[in-house]
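Data first, discussion second: the structure below is written as structure tokens.
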Amino acid sequence: MKLEHRVYEKLLKVPKGKVTTYSELAKAVGIKNGQRSIGQMMKKNPFPVIVPCHRVILSTGKIGGYAWGEKVKTNMLSKEGITIKKGKILDKDRIFRF
DNA sequence: CCAAGGGCCGTCT
DNA sequence: GAGACGGCCCTTG
């Protein structure tokens with residue numbers, strides 16, 4: 001319970017127009033290889049609206065999955081100024097680090 | 001308490 | 001650059 005809340009908080013600190021990776025997020029909350037856990041939390045997250053889950057991408061630069069559909073995620077991101085091509089983000093500098 | 005899943009990652013062919 | 005494996009951590013049933 002604590003962890004997941006921590007994750008959401010971190011996520012909320014990600015500014016619009018930027019994204020973060022599951023790995024970085026995991027590290028930020030203290031778990032080194034808990035990327036999968038993050039995904040699981042996001043999917044089951046109780047606050048899908050107030051939490052910008054769509055700003056989380058794979059460390060490889062791919063968009064990754066999304067509970068409501070990956071296209072929706074992609075759409076939102078591009079709307080926030082992120083350039084996406086073939087399901088991948090082009091500017092990795094847009095990745096926000098804690 | 002045990003078992004299984006998941007929006008993943010790094011490494012090797 | 002693309003596909004295949006194995007592994008790690010949390011949450012939920």
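Because only heavy atoms are used, hydrogens play no part in the values below, and waters and symmetry mates are left out as well, while side chains stay in. Within every chain, numbering begins at 1; the chains are lettered A, B, ... in the order of the sequence lines, protein sequences first and strands thereafter. Since the structure is predicted, the reported quantities are computational estimates derived from the model, not experimental observations.
- Nearest-nucleotide positions on DNA chain C place Arg36(A) closer to the 5' end than the other of Lys2(A) and Arg36(A).
- Here dT11(C) presents its P atom at 13 Å from CE of Met42(A), a figure rounded to the nearest Å.
- Looking at His54(A) and Val56(A), their side chains never come closer than 4.5 Å, going by heavy atoms from C-beta outward.
- Annotation: the span from Thr21(A) atom OG1 to Ile95(A) atom CD1 amounts to 6.0 Å, rounded to 0.5 Å.
- The distance from atom CZ of Arg6(A) to atom C1' of dC9(C) is 15 Å, rounded to the nearest whole Å.
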>> Under the criterion side chain to side chain contact (heavy atoms under 4.5 Å, CB included), I'd like the reasoning laid out for Phe98(A) against Leu25(A): C-alpha separation, chi angles, the key distance, then a yes or no.
In response: CA-CA 8 Å; Phe98(A) 299 96; Leu25(A) 200 50; 3.7 Å; yes

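- Comparing Thr21(A) and Ser37(A) by the nucleotide of DNA chain B whose heavy atom lies nearest to each, the residue mapping closer to the 5' end is Ser37(A).
- The side chain of Ala67(A) has dG7(B) as its nearest neighbour among dC10(C), dC8(C), dG7(B).
- Atom P of nucleotide dC5(C) and atom CG of Asn33(A) are separated by 22 Å, given to the nearest angstrom.
- Among the atoms of the strands shown, only primed sugar atoms or phosphate atoms (P, OP1, OP2) are found under 4.0 Å from some heavy atom of Gly34(A).
- Rounding to the nearest 0.5 angstrom, the gap separating the OH atom in Tyr8(A) from the NZ atom in Lys13(A) is 14.0 Å.
- Residue contacts shown for Lys44(A) are absent, as no nucleic acid heavy atom lies under 4.0 Å away.
- If you measure from atom OH of Tyr22(A) to atom P of dC8(B), you get 6 Å, rounded to the nearest angstrom.
- For Ser23(A), no side-chain nitrogen or oxygen approaches OP1 or OP2 of dC9(B) to under 4.0 Å.
- Under the 4.0 Å criterion applied to side-chain N and carboxylate O atoms, Glu80(A) and Arg55(A) are assigned as salt-bridge partners.
- When distances run from any side-chain atom of Leu3(A) to the nucleotides dG7(B), dC10(C), dC8(C), the shortest one goes to dC10(C).
- Going from atom CG of Asn45(A) over to atom C1' of dG6(B) covers 14 Å, rounded to whole Å.
- No contact: Lys32(A) has no heavy atom under 4.0 Å from any strand.
- Distance, Ile31(A) CD1 to dC8(C) C1': 10 Å, rounded to whole Å.
- In this structure, Leu25(A) atom CG and dG7(B) atom P are separated by 16 Å, rounded to whole Å.
- Under 4.0 angstrom from either OP1 or OP2 of dG10(B) there lies at least one side-chain N or O belonging to Ser59(A).
- Computed from coordinates, the Asn75(A) CG to dG7(B) P distance equals 20 Å when rounded to whole Å.
- Pairing of dG7(B), defined by two Watson-Crick or G-U wobble distances under 3.5 Å, is not identified with any nucleotide.
- With distances taken from any side-chain atom of Leu58(A) to the nucleotides dG7(B), dC9(B), dC10(C), the minimum falls on dC9(B).
- Among the nucleotides dG6(B), dG7(B), dC8(C), the one closest to the side chain of Gln40(A) is dG6(B).
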